[in-house]
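First listed ligand is number 1; within each ligand, the first listed atom is number 1.
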Amino acid sequence: MDVFEQGKKLIDALRAGQSLTFDDFLFLLEHRNGEIEAYALCAARRCAEANFGRNIYIRGLIEITNVCKNDCYYCGLRRSNTNCRRYRLTDEEILSCCHAGYELGFRTFVLQGGEDGGFSDERLCALVRQIKALYPDCAVTLSVGERSKEVYQSFFDAGADRYLLRHETVDEAHYGHLHPAELSPKVRKECLWNLKEIGFQVGSGFLVGSPGQTLAHIACDLLFLQELRPQMIGIGPFLPQSDTPFGQEPAGDLELTLFLIALLRLGHPRALIPATTAVGTLQEGGRERAILAGANVVMPNLSPADRRKDYALYDNKLAEGAEAAESLEFLRARLSAIGYQPVVDRGDYREK
Ligand code: 5AD
């Protein structure tokens with residue numbers, strides 16, 4: 001059997017709902033070529049269309065604080081970055097973002113932030129309760145890092161529907177290469193399992209092309225997601241941020257990212273998979289290409305316009321045009337140009 005036939009067989013198995021092994025994933029990654037890519041992307045696009053039509057779910061992203069106690073080597077919000085102008089939104093500012101978002105047609109609000117002690121667990125719970133009371137037809141997603149199971153439970157009891165926490169990389173040694181010693185992949189994984197157990201719709205994912213990453217690491221990430229079965233999967237290329245230790249490292253590869261989106265779509269047919277800002281930042285038209293590779297979510301920025309550039313996870317992060325929630329019409333036009341449309345819908349995870 002030649003390489004294409006073998007690759008095709010694995011992609012077909014994934015599409016048929018079978019689990020792949022580490023060796024299977026590694027084979028696909030090591031032998032990825034134009035032909036295999038085209039086959040995977042085409043199958044993934046059809047899979048997304050069969051499950052969601054040409055609908056793209058939109059989430060209003062509110063970056064509530066860029067203060068972070070962690071010191072991840074890749075992230076511009078790391079605590080050691082003294083060039084980052086720190087901000088923390090007030091509850092009033094956050095509620096006014098929700099108000100603007102609701103008017104625009106958003107039915108999911110994603111509250112994302114660094115691990116900031118200024119947002120106590122109680123404050124977050126109260127905020128979630130307030131948003132759910134004002135907008136009972138909306139989903140609230142939290143993305144505020146690692147917390148205890150009890151705290152996650154209190155977020156859930158306050159009405160939060162979903163939680164985003166990327167695992168970033170599942171390999172111990174690679175995790176240690178990207179994070180200071182006080183962070184561990186074990187804790188991160190434990191958080192994810194806790195979130196699932198509590199009943200959140202859970203999102204995870206990893207960086208593509210982060211420094212030191214090998215194809216074997218990626219195969220482990222795919223295997224971990226196959227085991228976790230998160231309802232949402234966000235992946236994006238690593239992009240250097242000049243004020244971080246990895247500021248001079250090369251960005252992740254777009255073609256590899258698209259191939260991975262396609263494999264994730266095939267292995268997780270009902271998952272909500274965003275065309276991430278990082279993909280759009282890496283290449284003009286990257287967002288559209290991610291959608292054509294099987295992504296079905298976009299997360300325009302609802303944060304106050306004057307704060308957006310301070311949420312600098314990486315250099316040149318897009319916050320304008322189709323990335324800006326207030327330019328929904330522009331996004332609509334961009335999606336329509338490739339035959340898709342944004343929908344006013346919570347866009348919950350549903351098993352068939
Ligand atoms: N490049 C790409 N993505 C990054 N993130 C953080 N820093 C970077 C970077 N330099 C991603 C992480 C995190 C998410 C909020 O942003 O994966 O989970």
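The OH atom of Tyr57 sits 12.0 Å away from atom CZ of Arg346, with the distance rounded to the nearest 0.5 Å.
A salt bridge does not link Lys149 to Glu190: none of the charged side-chain nitrogens sits closer than 4.0 Å to a carboxylate oxygen. The existence of a salt bridge linking Arg188 and Glu146 is confirmed by a sub-4.0 Å separation between a basic side-chain nitrogen and an acidic carboxylate oxygen.
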Review point. So Arg162 and Val140, side-chain contact (heavy atoms from CB on, under 4.5 Å) or not? Walk me through it.
Key: CA-CA 6 Å; Arg162 309 183 190 138; Val140 171; over 6 Å; no

Polar pairs, ligand 1 vs protein, N/O only, below 3.5 Å.
from	atom 1	to	atom 2	distance (Å)
ligand 1	1 (N)	Leu239	N	2.9
ligand 1	1 (N)	Leu239	O	3.3
ligand 1	10 (N)	Tyr74	O	2.9
ligand 1	10 (N)	Leu239	O	2.7
ligand 1	17 (O)	Arg166	NH1	2.8
ligand 1	17 (O)	Glu168	OE1	2.6
ligand 1	17 (O)	Glu168	OE2	3.3
ligand 1	18 (O)	Glu168	OE2	2.6

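A cation-pi arrangement is not found for Arg332 relative to Tyr340, the charged atom failing to lie both closer than 6.0 Å to the ring centre and inside a 45° cone about the ring normal. The side-chain tip of Arg78 does not point at the ring of Tyr73 from less than 6.0 angstrom away and within 45° of straight on.
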